[in-house]
Student: 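A single structure is presented below for examination.
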Amino acid sequence: MLGGKKLSAGDKNKRRPSSSIQILRIRTQDLTTGRIELGPDSGFSSDFTHQDFQLFDFTHQDFPFPNVQYEIIIFSRIPFPNLFSWNTLIRAHAAGPDPRLALLLFARLLSDGPDDPDKFTFPFAIKAAAALSALREGAALHGMVVKSPFFSSDIFILNTLVHFYAACGDSGLALRVFDNIPSRDVVSWNSMINAFALGDRWDDALRLFEEMQRENVMPNDVTMVSAASICGKKCDLELGRRIHAYIQRNDDIEASSILDNALLDMYVKCGSLEDAELLFHSMNTKDSISWTTMLVGYCKLGHFHAARHLFDQMPDRDIASWNALISCYEQSGRSKEALDLFHDLQQADVKPDEVTLVAALSACSQLGALELGCWIHAYIKKNSFALNFHLTTSLIDMYSKCGDLEKALDVFESTKNRDVFVWSAMIAGFAMHGEGKEALDLFEQMQEAKVKPNGVTFTNLFCACSHAGLVDEGKLFFSKMLPVYGIAPNAEHYSCIVDILGRAGLLEEAKECIRNMPMPPSASVWGALLGACAIHRNVELGEHACKHLLKLEPRNHGAHVILSNLYARSGNWNAVARLRKSMKDSSLKKEAGCSSIEVQGVVHEFLVGDISHPLKEKIYLQLDEIASRLKAVGYVPDKKLVLQDIEEDAKERALSLHSEKLAIAFGLISTSSPAPIRITKNLRVCDDCHLVAKLVSGIYNRDIILRDRFRFHHFTGGLCSCMDYW
DNA sequence: GTAGGGTTAG
């Protein structure tokens with residue numbers, strides 16, 4: 001039916017087949033009639049004949065149901081297909097690559113089928129709605145079920161509905177269906193336990209697990225998979241072990257590799273490699289999921305050699321195994337290893353998927369490896385990967401963090417569909433480059449586009465305000481978060497606002513803000529206050545913040561360094577020495593500063609005073625030349641920040657060998673104008689290096705784009721984009 | 001002759 005009018009057979013034959021299939025829209029008023037109608041905006045033309053199925057592209061290489069095409073041909077040749085044939089085809093599509101076709105067929109069945117749908121039809125159709133998270137469509141199916149005396153108590157249909165609402169992310173609605181199931185079987189309980197698990201309501205799930213046993217429904221292997229998985233998510237090793245023991249005790253729980261894998265995953269998530277290894281070695285059948293799960297276990301606990309060894313031993317690696325190792329490297333900050341493995345993958349002629357590309361792009365972001373990032377972007381285009389939200393977000397993030405804001409904006413603007421992550425990534429891009437106004441404008445546009453901001457959006461906005469010194473704007477956004485946007489500020493948001501106030505010198509207001517926090521102040525809140533005190537040389541408040549910070553994170557070396565800098569700036573060398581001794585006693589080391597620069601696709605890393613580079617002679621000659629040209633324009637090294645109380649000329653030498661200066665020197669000799677020198681530093685850039693970079697950009701007439709831990713500095717003609725506010 | 005629930009990478 002279309003627009004409420006039933007088409008006659010004659011109409012059908014006159015119309016052209018539709019070329020694009022879109023999801024059908026079921027109007028809610030149709031619930032009262034118990035029939036499904038196609039809305040006028042559905043894009044579906046009802047001139048669809050059985051022969052048209054042959055026009056669809058079912059040759060997708062990952063098509064999981066090899067017989068579908070065959071069935072379609074058969075189906076289209078059946079002059080009067082019966083309900084059984086309809087059901088079979090709906091089932092095939094519900095599990096196929098495009099479940100929308102199952103819903104289309106269902107609608108078609110209602111208007112043109114030989115019979116009304118039966119108790120077999122509904123589970124297939126609801127499953128399709130679940131696969132699509134199509135809440136409205138599934139709810140309409142639910143409406144039809146409820147009104148039917150035959151279906152409203154059918155346990156198969158009701159169980160599928162529980163699963164459907166869970167898949168749509170609404171465990172509350174799932175529970176309403178579950179509560180109304182007249183006599184629940186083990187699948188009902190399993191579905192509801194899983195619904196809670198999907199909604200991160202782990203304790204509710206475990207309560208239900210106990211309740212089902214009280215009602216004398218025996219858990220089966222599927223129940224135990226969920227139970228194990230919940231223990232993993234809760235990091236409850238004790239309960240996990242009890243579940244495992246229960247399974248071993250009860251012979252009626254059927255062994256399966258899915259169950260073994262779920263237990264393995266539980267042990268890995270709980271961080272018990274011993275249990276995981278024991279189970280892994282006792283497993284008779286290990287599939288690629290088992291191997292990959294074990295691999296993730298080694299990676300997460302930092303056993304990278306064991307992980308690599310396991311990876312090399314795997315009998316058959318699928319793309320998920322590669323992705324696991326690449327992602328683990330990338331998330332542990334081992335970006336170079338991640339990219340090396342990405343390279344191996346290509347050498348092995350394995351096709352990356354979207355997950356691989358997201359991880360590789362993320363590794364590029366961390367390293368500032370723009371050339372490789374561009375190459376991956378070209379690869380995506382060449383192999384016509386669909387730019388989904390994930391990939392788009394990663395590309396924007398990569399270009400932003402590699403210092404090419406223009407390209408980030410290109411990607412952003414060429415994307416029509418933008419979810420909250422895509423918008424937030426672009427806002428973050430502007431923020432880290434100090435383009436506060438643009439970030440705020442984009443937030444306005446995002447609201448015009450009716451995309452609801454989330455907590456991350458606000459973090460990025462605050463970051464923009466902080467770097468651009470937009471204090472009033474930051475305060476305004478903060479005050480609107482809960483009342484206007486319904487997002488309760490978390491500790492991270494409080495750190496941001498403390499940072500904004502503190503940087504602007506409003507230390508008292510920042511202190512007051514911390515006092516009014518509804519949750520205990522986190523380490524990062526105190527860190528923000530400490531940073532502000534360092535900028536504004538407030539030793540007393542700085543000590544106060546540092547004391548609180550160290551109470552929460554005794555081994556935070558960053559705090560020691562900032563406080564030490566604060567003492568150093570105010571010339572209190574005794575305090576510096578005391579602090580350094582206490583750091584030494586607790587074997588705390590300052591994180592080594594490291595700067596990297598990419599030249600022709602190769603990333604070169606420099607540490608302080610590094611002499612490991614093959615071109616070290618040339619680099620040090622260049623450094624000498626820079627030093628003399630800087631002196632000629634009146635530059636005096638800012639030695640206050642050299643931590644040790646050492647001799648003056650030694651201080652000067654230590655300062656002149658900071659990693660970013662080595663990278664700048666290398667950049668000058670290995671690249672040429674007008675290409676900017678792009679440097680990525682793992683820590684915040686120090687005052688002296690910032691000054692040197694400004695002067696070099698003027699004297700050598702070369703732009704320098706330096707990314708530090710927190711933001712970008714664009715040095716050009718002797719000035720920096722941050723206006724010395726960072 | 002057709003049916004429901006579960007594990008890995010992001």
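Below, chains carry the letters A, B, ... as their sequence lines are ordered, and counting in each starts from 1. Side-chain atoms are counted along with the backbone in the values below, which use heavy atoms only and exclude waters and symmetry mates.
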Student: Calculate the interatomic distance between E254(A) atom CD and dG6(B) atom C1'; express it in whole Å.
Tutor: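 Taking CD of E254(A) and C1' of dG6(B), I get 13 Å after rounding.
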Student: Once you round it to whole Å, what is the distance between P of dG6(B) and CG of D265(A)?
Tutor: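 Nearest whole value for this atom pair: 15 Å.
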Student: Can you identify which nucleotide, out of dT8(B), dG6(B), dG1(B), has its nearest atom closest to the N82(A) side chain?
Tutor: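 Nucleotide nearest to N82(A)'s side chain: dG1(B).
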Student: Between D260(A) (CG) and dG6(B) (C1'), how many Å, whole number?
Tutor: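 After rounding, the reported distance stands at 13 Å.
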Student: Within 45 degrees of the axis of the six-membered ring of W189(A) and under 6.0 Å from its centre: does R184(A) put its NZ or CZ there?
Tutor: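 Ring-cation test returns yes.
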Student: Send over the distance from D287(A) CG to dA9(B) P, rounded to a whole Å.
Tutor: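 Rounding to the nearest Å, CG of D287(A) and P of dA9(B) are 13 Å apart.
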Student: Could you check which of dT8(B), dG1(B), dA3(B) has an atom nearest any side-chain atom of F120(A)?
Tutor: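 Nearest to the side-chain atoms of F120(A), counting from C-beta on, is dA3(B).
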Student: The side chain of S327(A) lies closest to which of these nucleotides: dT7(B), dT2(B), dG10(B)?
Tutor: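 In terms of side-chain proximity for S327(A), the closest of dT7(B), dT2(B), dG10(B) is dG10(B).
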Student: Would you say the base of dG4(B) stacks on F156(A) (centre-to-centre below 5.5 Å, plane angle below 30°)?
Tutor: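 Per 5.5 Å and 30° rule: no stacking.
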Student: Counting heavy atoms from C-beta on, name the nucleotide in dG4(B), dT2(B), dG6(B) closest to the side chain of N159(A).
Tutor: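 Ranking dG4(B), dT2(B), dG6(B) by closest atom to the N159(A) side chain puts dG4(B) first.
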Student: Nearest-Å distance, CD1 (I253(A)) to C1' (dG6(B))?
Tutor: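 In whole Å, dG6(B) C1' lies 13 Å from I253(A) CD1.
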Student: May I ask you to say what T121(A) touches in the nucleic acid, namely base, sugar-phosphate or nothing, with a heavy-atom cut-off under 4.0 Å?
Tutor: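 No contact.
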Student: Rounded off to whole Å, could you give me the CD1-to-P distance for the I90(A) and dA3(B) pair?
Tutor: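 Computing the I90(A):CD1 to dA3(B):P distance gives 13 Å.
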Student: In terms of side-chain heavy atoms of D118(A), which of dG10(B), dT2(B), dT7(B) is nearest?
Tutor: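 It is dT2(B).
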Student: If you check every side-chain atom of T160(A), which of dA3(B), dG1(B), dG4(B) has the closest atom?
Tutor: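 The closest nucleotide is dG4(B).
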Student: With a 3.5 Å cut-off and no angle check, do the side chains of N454(A) and T457(A) form a donor-acceptor pair?
Tutor: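 A donor-acceptor contact under 3.5 Å links the two side chains.
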Student: Check this for me, if you would: do D265(A) and K269(A) make a salt bridge, where the nitrogen-to-carboxylate-oxygen distance has to be below 4.0 angstrom?
Tutor: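 K269(A) and D265(A): salt-bridged.
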Student: Please determine, for the side chain of N323(A), which listed nucleotide (dG6(B), dA9(B), dA3(B)) has the closest atom?
Tutor: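 Out of dG6(B), dA9(B), dA3(B), the nucleotide with an atom closest to N323(A)'s side chain is dA9(B).
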Student: Could you pull out the closest heavy-atom pair between E354(A) and N388(A), with the gap in Å?
Tutor: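 That would be OE1-ND2, 2.9 Å.
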Student: Does K127(A) have a side-chain nitrogen or oxygen under 4.0 Å from the phosphate oxygens OP1 or OP2 of dG4(B)?
Tutor: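 Answer yes for this pair, as a side-chain N or O of K127(A) is under 4.0 Å from OP1 or OP2.
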Student: Could you state the CG-C1' distance from L109(A) to dT2(B), rounded to the nearest angstrom?
Tutor: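 Atom-to-atom, L109(A) to dT2(B), this comes out as 14 Å.
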Student: Under the criterion salt bridge (Lys or Arg N to Asp or Glu O under 4.0 Å), which of K234(A), R241(A), R242(A) is the partner of E238(A)?
Tutor: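 Exactly one candidate clears the test, R241(A).
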Student: Can you figure out which of dT2(B), dT7(B), dA9(B) approaches the side chain of I258(A) most closely?
Tutor: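 Closest nucleotide among those given: dT7(B).
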Student: Applying a 4.0 Å non-hydrogen cut-off, can you work out what D154(A) is touching in the nucleic acid: base, sugar-phosphate, or nothing?
Tutor: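 Counting heavy atoms under 4.0 Å across all strands, the contact made by D154(A) includes a base.
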Student: Mind checking L83(A) for me? I need base, sugar-phosphate or nothing, with any heavy atom below 4.0 Å counting as a touch.
Tutor: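 Nothing: the residue L83(A), judged by heavy atoms under 4.0 Å, touches no strand.
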Student: Return yes if some donor-acceptor pair links the side-chain N/O of S256(A) with the main-chain N/O of L259(A) below 3.5 Å, else return no.
Tutor: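 Indeed, once roles are kept as given, a pair shorter than 3.5 Å links the two residues.
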Student: Looking only at side-chain atoms of N87(A), point me to the closest of dA9(B), dG6(B), dT2(B).
Tutor: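 Nearest listed nucleotide: dT2(B).
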Student: For dG6(B), take OP1 and OP2 only and decide whether either is under 4.0 Å from a side-chain N or O of N194(A).
Tutor: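 So the side-chain polar atoms of N194(A) do come within 4.0 Å of the phosphate oxygens OP1 or OP2 of dG6(B), strictly under.
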Student: Quick check on dA9(B): is either OP1 or OP2 less than 4.0 Å from any side-chain nitrogen or oxygen of Q331(A)?
Tutor: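 So the side-chain polar atoms of Q331(A) never come under 4.0 Å of the phosphate oxygens OP1 or OP2 of dA9(B).
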Student: What is the separation between atom CZ on F342(A) and atom P on dA9(B), rounded to the nearest whole Å?
Tutor: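 From F342(A) CZ to dA9(B) P: 20 Å.
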Student: Any side-chain N or O of K269(A) less than 4.0 Å from the OP1 or OP2 oxygen of dT8(B)?
Tutor: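 For dT8(B), OP1/OP2 do have a side-chain N/O of K269(A) under 4.0 Å.
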Student: Any idea which of dT7(B), dA3(B), dA9(B) is nearest the N261(A) side chain?
Tutor: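 The nucleotide sitting nearest to the side chain is dT7(B).
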